[in-house]
> 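Pasting a structure here, questions to come.
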Amino acid sequence: MAKLTFVGGIHPYDGKELSKDKPIQDVLPGSVVVYPLSQHIGAPAKAIVAKGDRVLVGQKIAESGGFVSSPIHASVSGMVKTIEPRRVVTGDMVMSIIVENDSQYEETEFHPASDLDKMSREEIVEAIREAGIVGMGGAGFPTHVKISPKEPEKIEYVIANCAECEPYLTSDYRRMLEEPERLVGGMKILLKLFPNAQGIFAVEDNKPDCISRLRQLTEEDGKISVKALKTKYPQGGERQLIYAVTDRKINSAMLPADVGCVVNNVDTIVSIYRAVHEGRPLMERIVTVTGNAVANPANFRVRIGTSYAEILEAAGGFKTNPEKMICGGPMMGFAMFGLDVPSTKTATALLALSKDEVSAMEPGPCINCGRCVEVCPGRIIPSRLADYAEHFDEEAFVKNYGMECCECGCCSYVCPAKRPLTQEIKSMRKIQLAKRKK
């Protein structure tokens, strides 16, 4: 039987053997915890605490700054030290709430749903919104917005993105192995919001143990199925995932809801389960710490606001000085300048590599080999678009479908001339997106 997949893509070294067999461990933050007010796409949250206030675990400390926004909750108990700009992983200064951790972890009162069957659609969506849940695969789009399409009755598929195609990352894999009941429970909550939808767990076939376990848990549920996807990067990209599972196509001007789909990440769905069934807001996530420069690669349950330096320490620190540190995976993550920055809702991994292979590359002229076109999942011409971007030819860039790039990095990976194709295209897309917002 043909495996579900898309056209294009690559097969990079995945590095998952470093951490995939490491069970999730809990990491507690140090004496100071930092909560940036912008941890999601959309308007920053607004602080509702002040210097000197004592906060409890689970207490809302910042409210949504608009419809496309998300509240923030304390992950520790302690005193609000100050509210001031702090550096985040991107290098930006972001207004943040700084809390002195008293290490007591005293919790506020949580209010789980008494009976899910009696909850209305609006009540479930509000519980998810109040819990501060956002897309935890990296994008950070507020989940309550994603699950509120104009016509929910037209949603035919609720897809759990269980692919985890990014090299080195194993946090979703461990979630699926260790907490599959919560994952399935979260899917059932989402299906309650979309009565005409089928639930699909889309898992790459390099995770047969996860596929087997999820099938066992859903074999008697006629509305949920498990689909094995061909292991290929970027199989977990939203457009590629939807096409592989449903044979439906979307472009940059469309949303998954336009083709009857809603897609959520593994950690996001587990967080939905915890928000509704346990009444617990989003205060923690799973982070993979890995790479050949890390002493003990592992997967950690991290309280949001914990610094990356403290997370690394839990993994034994560096066994060798890294030439490259990346927030996320090597394909779509971004380089880090230091570790004295807080983890956020969208923190997926800390990758430390002993050698920076990219910096050693000397780009040469395009040899017109066509390899970038062959692997591009967006079916565009990366080499030509990079030329337009380099020469600031905005009209030609847009005319030749530059906005259809998903910034996956496949073209840069295969380019024999070592041209920074993705970076050039990404820079031009950023300019075009900023103009559209105006």
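Computed from a prediction, not measured in an experiment: that's the story for all the values here.
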> Check whether any side-chain heavy atom of T344 lies under 4.5 Å from a side-chain heavy atom of V88, and answer yes or no.
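T344 does not reach V88 side chain to side chain.
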
> Please tell me whether Q39 and T346 have a donor and an acceptor in their side chains that are separated by less than 3.5 angstrom.
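No - no donor-acceptor pair under 3.5 Å links their side chains.
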
> Under a 4.5 Å cut-off applied to non-hydrogen side-chain atoms, are V184 and F201 in contact?
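Yes, at least one pair of side-chain atoms sits under 4.5 Å.
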
> Does the Lys NZ or Arg CZ of R121 fall within the cation-pi geometry relative to F194 - under 6.0 Å from the ring centre and within 45° of the axis?
yes

> Establish, from distance only, whether the side-chain atoms of S77 and D102 form a donor-acceptor pair under 3.5 Å.
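Their side chains do contain a donor-acceptor pair, which is all the 3.5 Å distance test asks for.
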
> Hey, mind stepping through Y233 and D14 against side chain to side chain contact (heavy atoms under 4.5 Å, CB included) and telling me if it holds?
CA-CA 10 Å; Y233 178 85; D14 70 5; over 6 Å; no

> Will you find, in the side chains of T422 and E407, an N or O donor that is under 3.5 Å from an N or O acceptor?
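No - no donor-acceptor pair under 3.5 Å links their side chains.
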
> Out of curiosity, M136 CE to R285 CZ, how far, rounded to the nearest 0.5 Å?
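Rounded to the nearest 0.5 Å, the CE-CZ separation comes to 4.5 Å.
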
> What distance separates F141 CZ from S70 OG, expressed to the nearest 0.5 Å?
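Separation between the atoms: 11.0 Å.
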
> With a 4.5 Å limit on heavy-atom distance, are the side chains of Y308 and C327 in contact?
yes

> Could you tell me whether R274 and E179 make a salt bridge, using a distance below 4.0 angstrom between a side-chain N and a carboxylate O?
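Here R274 does not pair with E179 in a salt bridge, since their nearest N and O are not under 4.0 Å apart.
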
> Do P167 and M331 come close enough that some side-chain heavy atom pair is under 4.5 Å?
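Sidechains of M331 and P167: in contact.
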
> State whether the side chain of T170 and the backbone N or O of K16 hold a donor-acceptor pair below 3.5 Å, judged by distance alone.
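The answer is no, because no donor-acceptor pair under 3.5 Å joins these two groups.
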
> Give a yes or no answer on whether the side chain of E404 reaches the backbone of S252 with a donor-acceptor pair at less than 3.5 Å.
yes

> Between R215 (side chain only) and V226 (backbone N and O only), is there a donor and an acceptor less than 3.5 Å apart?
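Side chain of R215 to backbone of V226: a pair is present.
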
> Starting at CG of N265, measure out to OG of S171 and round the result to the nearest 0.5 Å.
7.5 Å

> Where the side chain of K22 meets the backbone of T288, is there a donor-acceptor pair that is under 3.5 Å apart?
no

> Mind checking whether P44 and M95 have side chains closer than 4.5 Å, heavy atoms only?
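SC-SC contact between P44 and M95 ruled out.
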
> For the atom pair CG (L421) and SG (C410), what is the distance rounded to the nearest 0.5 Å?
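Reported value, rounded in 0.5 Å steps: 11.5 Å.
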
> Could you tell me the separation between the CG atom of D258 and the NZ atom of K154, rounded to the nearest 0.5 Å?
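With rounding to 0.5 Å, CG (D258) is 10.5 Å from NZ (K154).
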
> Do H73 and Y35 have ring centroids that are under 6.0 Å from one another?
no

> Measuring from I155:CD1 to L190:CG, what's the distance to the nearest 0.5 Å?
11.5 Å

> Hey, does Q59 have a side-chain heavy atom less than 4.5 Å from the side chain of V49?
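The answer is yes, as the side chains (C-beta and beyond) meet within the 4.5 Å cut-off.
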
> Applying side chain to side chain contact (heavy atoms under 4.5 Å, CB included), can you list everything that pairs with K81, at least two apart in sequence or on another chain?
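Here the qualifying residues are I98, E100.
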
> Between R303 and L28, is there a side-chain heavy-atom distance shorter than 4.5 Å?
yes

> Are there over 12 heavy-atom neighbours, none belonging to D26, within less than 6.0 Å of that residue's CG?
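Check passes, neighbour count above 12.
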
> Are side-chain N/O atoms of Q216 and R213 paired as donor and acceptor at under 3.5 Å?
yes

> Could you tell me whether the side chain of K207 and the main chain of A163 form a donor-acceptor pair under 3.5 Å?
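It does hold such a pair.
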
